[in-house]
Amino acid sequence: MLTARSDRVKSVDLHPTEPWMLASLYNGSVCVWNHETQTLVKTFEVCDLPVRASKFVARKNWVITGADDMQIRVFNYNTLERVHMFEAHSDYIRCIAVHPTQPYILTSSGKLIWDYQNTNHGSNKLLSRTQASFLLVDGSKKNNKTCVQTLEGHAQNVSCVSFHPELPIIITGSEDGTVRIWHSSTYRLESTLNYGMERVWCVCGLRGSNNVALGYDEGSIIIKVGREEPAMSMDTNGKIIWAKHSEIQQANLNAMGDAEIKDGERLPLAVKDMGSCEIYPQTIQHNPNGRFVVVCGDGEYIIYTAMALRNKSFGSAQEFAWAHDSSEYAIRESNSIVKIFKNFKEKKSFKPDFGAEGIYGGFLLGVRSVNGLAFYDWENTDMIRRIEIQPKHIFWSDSGELVCIATEESFFILRYMSEKVAASQENNEGVTEDGIEDAFEVQGEIQEIVKTGLWVGDCFIYTSSVNRLNYYVGGEIVTIAHLDRTMYLLGYIPKDDRLYLGDKELNIVSYSLLVSVLEYQTAVMRRDFGMADKVLPTIPKEQRTRVAHFLEKQGFKQQALAVSTDPEHRFELALQLGELKIAYQLAVEAESEQKWKQLAELAISKCQFGLAQECLHHAQDYGGLLLLATASGNATMVGKLAEGAEKDGKNNVAFMTYFLQGK
């Protein structure tokens with residue numbers, strides 16, 4: 001996320017609201033980097049000796065530094081002015097901690113606490129001096145100082161250790177150049193990171209953020225840990241469940257009553273605590289009918305009843321996926337074994353041919369391997385089709401007829417040909433080693449990165465990597481909103497005509513999206529114009545032209561002409577369809593020379609010379625009238641044209657008409 005080369009870094013800190021990392025250096029300076037723009041934005045020349053500690057005090061717009069000259073210095077990071085300086089210790093200052101609410105800082109060389117508000121003639125008040133000690137104790141037996149766990153793995157001195165303020169991880173750095181991430185409950189080594197920047201000296205996490213800053217001999221780095229996406233899910237009735245750390249909470253959209261909802265504004269939801277989860281939730285997902293919810297994390301899954309959060313089933317799994325059938329689900333037990341459960345009992349265990357690096361739920365069971373994606377039948381685990389693609393997400397429509405496969409670069413819309421699959425399974429025709437050849441038809445590929453998505457009818461709604469809320473239907477992309485931050489789709493409630501999304505701070509927002517428009521477009525895609533005609537009266541007048549443009553793009557121009565309410569659009573369609581009467585009426589209403597000229601061209605092409613003459617008169621197109629009169633050999637028309645052209649000062653046309661008449 002950020003790699004900043006510099007002299008040796010002795011401490012790092014992250015600003016709570018700005019995208020800034022603070023790095024104090026062995027060469028005596030302190031730098032502020034913007035990790036979004038990857039630029040150095042501020043530098044403080046503190047002293048000529050190492051600065052071993054520095055911290056942001058955001059509420060004061062300060063940076064506090066502690067150096068080997070035993071001085072604490074305070075700078076305003078907006079003006080770069082030094083606002084305080086005092087001698088704090090008789091030895092190197094190695095650490096500074098800022099009280100979250102009180103005006104105190106804790107410094108260590110020995111250990112002193114200073115009150116930064118209580119200044120008397122520039123001198124800060126010393127609150128206490130204490131002896132330093134370090135304990136790692138068992139929280140359940142606080143008095144006996146039992147060693148809980150020894151984390152072994154680093155090859156050289158451990159230089160820094162940090163409990164992440166929110167995630168269940170311990171981050172350690174060492175002079176061996178590696179950063180190791182350990183699970184804080186199981187103490188399992190989760191990851192080892194080596195960025196080749198020599199010895200690690202410091203680490204800093206931030207509450208409410210997945211960013212972790214690391215300081216090395218050769219500079220500093222910001223990495224992201226954990227999942228950015230919040231663990232939250234909504235059922236089809238508007239009940240939302242989410243995890244706040246290990247606590248499960250619920251909110252109900254229906255409890256808002258008739259409160260006015262504005263697009264993009266945070267919803268005032270009442271939150272109900274449902275209890276604590278035995279595992280740290282990384283994902284939460286309702287089953288299709290909303291009766292159960294699965295919580296996954298730490299290599300475990302627990303299925304709860306959605307209403308009361310009663311434990312229904314649990315087990316070990318690297319991944320979990322619900323089937324289209326609410327009573328069925330699959331787990332990925334390892335990189336080679338997938339198990340399918342029905343009514344919470346194991347139904348089948350199988351080994352996919354090329355292994356299992358990921359699984360995806362829905363109408364078919366998707367299994368990702370190094371060779372691509374394979375779809376299996378839930379009932380008997382027959383392979384339906386293997387596709388050479390590396391999916392990131394797979395989204396099935398409720399009907400099971402359409403599926404979106406999203407990759408790192410784009411997304412594909414495929415139609416599942418269930419009848420052809422059934423025929424091939426019966427007569428064994430069109431089956432290769434990659435499955436049934438005609439199982440899918442590609443409907444389109446779109447060069448956009450899908451972050452989250454869902455289907456409403458045949459319309460695929462998604463959030464993109466550039467924070468747009470769009471939907472795709474029939475090859476057309478419609479933008480619903482431009483989002484000001486990363487949001488995650490929760491669901492669509494048809495009776496509200498609204499989409500609901502959440503962010504990583506667990507704020508819920510919504511956007512209007514008319515179900516009548518989606519139903520109409522779905523009916524058109526299915527060529528069900530009877531249903532489309534029934535839905536049309538429910539679409540507001542101001543939305544009809546948008547629907548008409550959609551019809552036009554699908555090739556249904558006659559229907560588009562009937563639906564559109566925009567005179568400009570209707571005139572263009574009437575011309576394309578050769579509808580002279582409708583075009584004439586629209587031209588009369590518009591009183592536009594350009595429209596009369598366009599209609600004249602159409603009338604001539606259809607040999608409607610009387611209409612063409614009228615249109616050219618309305619357009620005052622004397623050149624066009626001359627061409628029409630001479631081409632049709634109409635001497636009377638030529639005579640009238642000569643008089644009219646002379647009267648209107650069109651001398652070129654007047655000359656030509658008189659010349660043709662021998663006058």
Side-chain angles (χ1 to χ4, degrees), residues 1-2 14-21 33-39 41 166 206 208-212 222-234 240 242-243 251 253 261-269 282-285 391-395 404-413 444-456 459-473 475-493 496-514 517-518 546:
M1 208 180 136
L2 171 73
L14 293 166
H15 195 283
T17 55
E18 298 289 345
W20 293 347
M21 177 187 71
W33 293 84
N34 184 316
H35 56 76
E36 285 182 356
T37 61
Q38 309 270 310
T39 53
V41 289
E166 287 191 344
L206 178 66
S209 169
N210 290 54
N211 295 341
V212 170
I222 292 183
I223 60 170
K224 277 193 184 293
V225 294
R227 279 170 57 91
E228 277 289 290
E229 194 168 336
M232 63 195 322
S233 179
M234 182 174 88
I240 305 169
W242 64 63
L253 295 175
I261 298 176
K262 290 185 179 171
D263 282 4
E265 287 192 4
R266 184 171 176 264
L267 299 182
L269 293 172
Q282 287 168 294
T283 63
I284 291 179
Q285 191 185 6
K392 200 172 175 194
H393 309 288
I394 294 177
F395 308 95
C404 169
I405 303 177
T407 72
E408 294 282 2
E409 298 88 31
S410 61
F411 68 92
F412 297 83
I413 303 294
E445 179 188 2
I446 297 87
Q447 296 298 321
E448 276 203 298
I449 300 168
V450 171
K451 301 293 277 186
T452 56
L454 58 90
W455 289 88
V456 178
C459 305
F460 178 63
I461 302 165
Y462 65 96
T463 56
S464 75
S465 58
V466 292
N467 289 342
R468 282 205 186 116
L469 177 59
N470 294 341
Y471 75 88
Y472 170 93
V473 59
E476 181 190 4
I477 291 174
V478 179
T479 297
I480 302 162
H482 295 264
L483 306 172
D484 61 0
R485 61 194 185 279
T486 302
M487 304 291 294
Y488 305 90
L489 273 167
L490 288 171
Y492 180 73
I493 307 288
D496 299 347
D497 283 321
R498 299 196 78 84
L499 270 172
Y500 294 91
L501 302 92
D503 65 14
K504 66 178 183 179
E505 277 79 41
L506 308 176
N507 299 307
I508 309 299
V509 302
S510 82
Y511 288 90
S512 171
L513 184 59
L514 294 177
V517 172
L518 299 179
R546 197 177 112 199

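Each residue takes its place number in the sequence, starting with 1.
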key: Test item: N470 and I461 side chains (from C-beta on) under 4.5 Å apart, heavy atoms   = no
request  = Scan side-chain atoms only and decide if S510 and R498 contain a donor-acceptor pair under the 3.5 Å cut-off.
outcome  = yes
key: Any side-chain heavy-atom pair of V212 and L14 under 4.5 Å   = no
request  = Would you tell me whether Y472 and E448 have side-chain atoms, one donor and one acceptor, within less than 3.5 Å of each other?
outcome  = no
query = What's the spacing between H482 NE2 and S464 OG if we round to 0.5 Å?
reply = 9.5 Å
query = Is a side-chain donor-acceptor pair under 3.5 Å present for D496 with Y500?
reply = yes
ask   = Less than 4.5 Å apart, any side-chain heavy atom of I480 and any of L499?
value = yes
task = Return yes if some donor-acceptor pair links the side-chain N/O of N211 with the main-chain N/O of K224 below 3.5 Å, else return no.
result = no
ask   = Side chains of W455 and C404: closer than 4.5 Å at any heavy-atom pair?
value = yes
ask   = Side-chain donor-acceptor pair under 3.5 Å between S512 and D263, yes or no?
value = no
remark   = Separation between CE (M232) and CD1 (I508), nearest 0.5 Å, reads 3.5 Å
inquiry  = Looking at every heavy atom in both T486 and D503, which two are closest together, and how far apart are they?
reply    = O-CB, 3.8 Å
query = Would S410 and E445 count as having a side-chain donor-acceptor pair, cut-off 3.5 Å?
reply = yes
ask   = CD/Q447 to CD/E409 distance, rounded to the nearest 0.5 angstrom?
value = 8.0 Å
ask   = Is there a donor-acceptor contact under 3.5 Å from the side chain of Y488 to the main chain of T463?
value = no
message = Quick check: do E229 and T452 have side-chain heavy atoms less than 4.5 Å from each other?
response = yes
ask   = Taking atom CG of L469 and atom NZ of K451, what is their separation to the nearest 0.5 Å?
value = 14.5 Å
message = Keeping T407 on the side-chain end and P391 on the backbone end, is there a donor-acceptor pair under 3.5 Å?
response = no
ask   = Between F460 and F395, how do the two ring planes meet: parallel, tilted or perpendicular, split at 30° and 60°?
value = tilted
task = Indicate the atoms forming the closest heavy-atom contact of P230 with L506, along with that distance.
result = CB-CD2, 4.0 Å
ask   = So, does E18 use its side chain to make a donor-acceptor pair with the main chain of H15 at under 3.5 Å?
value = no
message = Apply side-chain contact (heavy atoms from CB on, under 4.5 Å) to residues R485 and V509 and explain how you reach the verdict.
response = CA-CA 12 Å; R485 61 194 185 279; V509 302; 3.9 Å; yes
query = Which heavy atom in V450 sits nearest to a heavy atom in H393, and how many Å separate them?
reply = O-CD2, 3.6 Å
message = Please evaluate residues I449 and V466 with respect to the criterion side-chain contact (heavy atoms from CB on, under 4.5 Å), reporting the C-alpha separation (whole Å), side-chain torsions for both, the decisive distance (0.1 Å), and the verdict.
response = CA-CA 8 Å; I449 300 168; V466 292; over 6 Å; no
request  = Apply side-chain contact (heavy atoms from CB on, under 4.5 Å) to L518 and Y471, showing your working.
outcome  = CA-CA 10 Å; L518 299 179; Y471 75 88; 3.9 Å; yes
message = Between T39 and W33, is there a side-chain heavy-atom distance shorter than 4.5 Å?
response = no
request  = Please report the closest heavy-atom contact between L454 and L490, naming both atoms and the distance.
outcome  = CD2-C, 4.3 Å
note = Distance col, row T17:OG1 vs L206:CG, nearest 0.5 angstrom, shows 9.5 Å
ask   = Does the N34 side chain pair with the main chain of Q38, one donor and one acceptor, at a distance under 3.5 Å?
value = no
Side-chain heavy-atom pair L513, Y492 within 4.5 angstrom cut-off = yes
L483 side chain near Y511 side chain, heavy-atom distance below 4.5 Å = yes
remark   = So CE of M487 and CG of L489: to nearest 0.5 Å the spacing works out to 9.0 Å
